[in-house]
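The following block contains the structure, expressed as structure tokens.
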There are 2 protein chains.
Amino acid sequence: MLATAHDAARTALNLELRPLGIETRHFGVLATLARNGPTSQRRLGALLDLDKSAVVRIMDELERLGLAVRNRAAHDRRAYAIELTDEGRRHAHASQRAAGAVGARLFGWLAPDERTRLVTLLTGIVDHAPGDDRAPR
Amino acid sequence: MLATAHDAARTALNLELRPLGIETRHFGVLATLARNGPTSQRRLGALLDLDKSAVVRIMDELERLGLAVRNRAAHDRRAYAIELTDEGRRHAHASQRAAGAVGARLFGWLAPDERTRLVTLLTGIVDHAPGDDRAPR
DNA sequence: TATTGTTATACTCTATAACTATA
DNA sequence: TATAGTTATAGAGTATAACAATA
């Protein structure tokens, strides 16, 4: 059931994001940039639990789409200070609205205390899994 | 949270199955064979939502491990009647015990009515996802 | 010496199409 | 013509290692 529900939710989100020309992985990066401001690729990977080569690929796509730019970090010329473009900011907001619509459809039928309970249950499941061997990336 | 809980559960199950030399995908086939008796590859794929080429690969592995055999179906010589070996039956039972142990650890701390509620919640989420575009395989 | 990011590479998983042998 | 299974292949996604630039 966990697998089925997860798959249904991810598929529904991808479907909702399709008109924006992006997928779940781009949504995560856009949302993180919108929330945190200029961010290095390393930090993006740490926040989203992505391999650094995966971040390269996603950033290549976001730059090609004109949604984010790689500026050099002022204090460390190895690293980037990645920023959203205006278009990227619009996409970030639109995709958050899309995600909200998916959430409303999948979870809106639950009473508020049931939604809270669901999160608590899922968190508890994770906490009861072995701590040291979650899929290493 | 759905993604995290799913990932934690799958990883925990794989870890528990490792001593048996199998992974989640083999567990699904073993359990299905134990429950349904002789089964064609097509039916296995339908029951487990696997592509037919994926079933070929998993069956190659199960045969190499000596856990299942491909007998020809008596009534249709195109198809197989796949059966568990004695060793396969033992592995099926052992893996179901392993899965039970994982379930007990991840879900055992929940009161019985909470477990029931969780299943109901997850089922409801799936039912509220768009019906026609779940990840097609 | 260590770290950021890039590239090349490899491995797994999944999906598709072409094929065979049967039906 | 259609179906069960096989094979080859291609495409995602992910991981690793070697590398250049910088710290």
* Test: A:Arg90 and A:Glu87 ion pair at under 4.0 Å -> yes

* Asked: Within a strict 4.5 Å, meaning less than it, do heavy atoms of the A:Ile125 and B:Leu118 side chains meet?
  ->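 Side chain of A:Ile125 against side chain of B:Leu118, heavy atoms only: contact under 4.5 Å found.
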
* For the pair made of OH in B:Tyr80 and C1' in D:dT3, what is the distance, rounded to whole Å? ->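 Taking OH of B:Tyr80 and C1' of D:dT3, I get 14 Å after rounding.
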
* Asked: Rounding to a whole Å, what distance do you find between B:Arg57:CZ and D:dT9:C1'?
  -> 14 Å

* **Salt-bridge criterion met for B:Arg70 and B:Asp60 (N-O under 4.0 Å)** =>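 A salt bridge is present here (some side-chain N lies under 4.0 Å from a carboxylate O).
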
* Whole Å only: how far is the NZ atom of B:Lys52 from the C1' atom of D:dT6? ->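 After rounding, the reported distance stands at 9 Å.
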
* To do: Treating Ile, Leu, Val, Met, Phe, Trp and Tyr as nodes and any side-chain heavy-atom pair under 4.5 angstrom as an edge, say whether A:Leu33 and A:Leu47 lie in one connected cluster.
  => no

* Asked: Contact class for B:Ser53 (heavy atom, under 4.0 Å): base, sugar-phosphate, or nothing?
  -> base

* To do: Rounded off to whole Å, could you give me the CD-to-C1' distance for the B:Gln41 and C:dT22 pair?
  =>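 For the pair B:Gln41 CD and C:dT22 C1', the rounded distance is 15 Å.
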
* To do: Measure from CG on A:Asp51 to C1' on D:dG13 and round the result to the nearest Å.
  =>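 The distance from CG of A:Asp51 to C1' of D:dG13 comes to 11 Å, rounded to the nearest Å.
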
* Asked: Is it true that B:Glu61 and B:Arg25 have a side-chain N and a carboxylate O under 4.0 angstrom from each other?
  -> yes

* To the nearest angstrom, how far is A:Arg78 atom CZ from C:dA2 atom C1'? ->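 It works out to 8 Å between those atoms.
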
* For B:Met59 and for A:Arg77, find the nucleotide of DNA chain D with the closest heavy atom, then tell me which residue's nucleotide is more 5'. => B:Met59

* To do: Looking at every strand, decide which applies to B:Ala54 at a 4.0 Å heavy-atom threshold: base, sugar-phosphate, or nothing.
  =>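 If one applies the 4.0 Å heavy-atom cut-off, B:Ala54 turns out to touch nothing in the nucleic acid.
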
* Touch class at under 4.0 angstrom, heavy-atom based, for A:Arg43 against every strand present ->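 Nothing, no nucleic acid heavy atom in range.
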
* Name the closest nucleotide to the A:Val56 side chain, picking from C:dT6, C:dC13, D:dG5. =>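 Looking only at side-chain atoms, A:Val56 lies closest to C:dT6.
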
* **Nucleotide C:dT14, atom P - distance to CG of A:Asp7 in whole Å** =>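 Taking atom P of C:dT14 as the reference, CG of A:Asp7 is at 11 Å.
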
* C:dA15 P sits how many Å from B:Leu50 CG, rounded? -> 9 Å

* Asked: So, is A:Arg70 near the phosphate of C:dT6, with a side-chain N or O under 4.0 Å from OP1 or OP2?
  ->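 Indeed, a polar side-chain atom of A:Arg70 lies that close.
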
* To do: Please work out if A:Arg25 contacts a base, only the sugar-phosphate, or nothing of the nucleic acid, heavy-atom cut-off 4.0 Å.
  =>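 A:Arg25: backbone/sugar contact only, no base atoms under 4.0 Å.
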
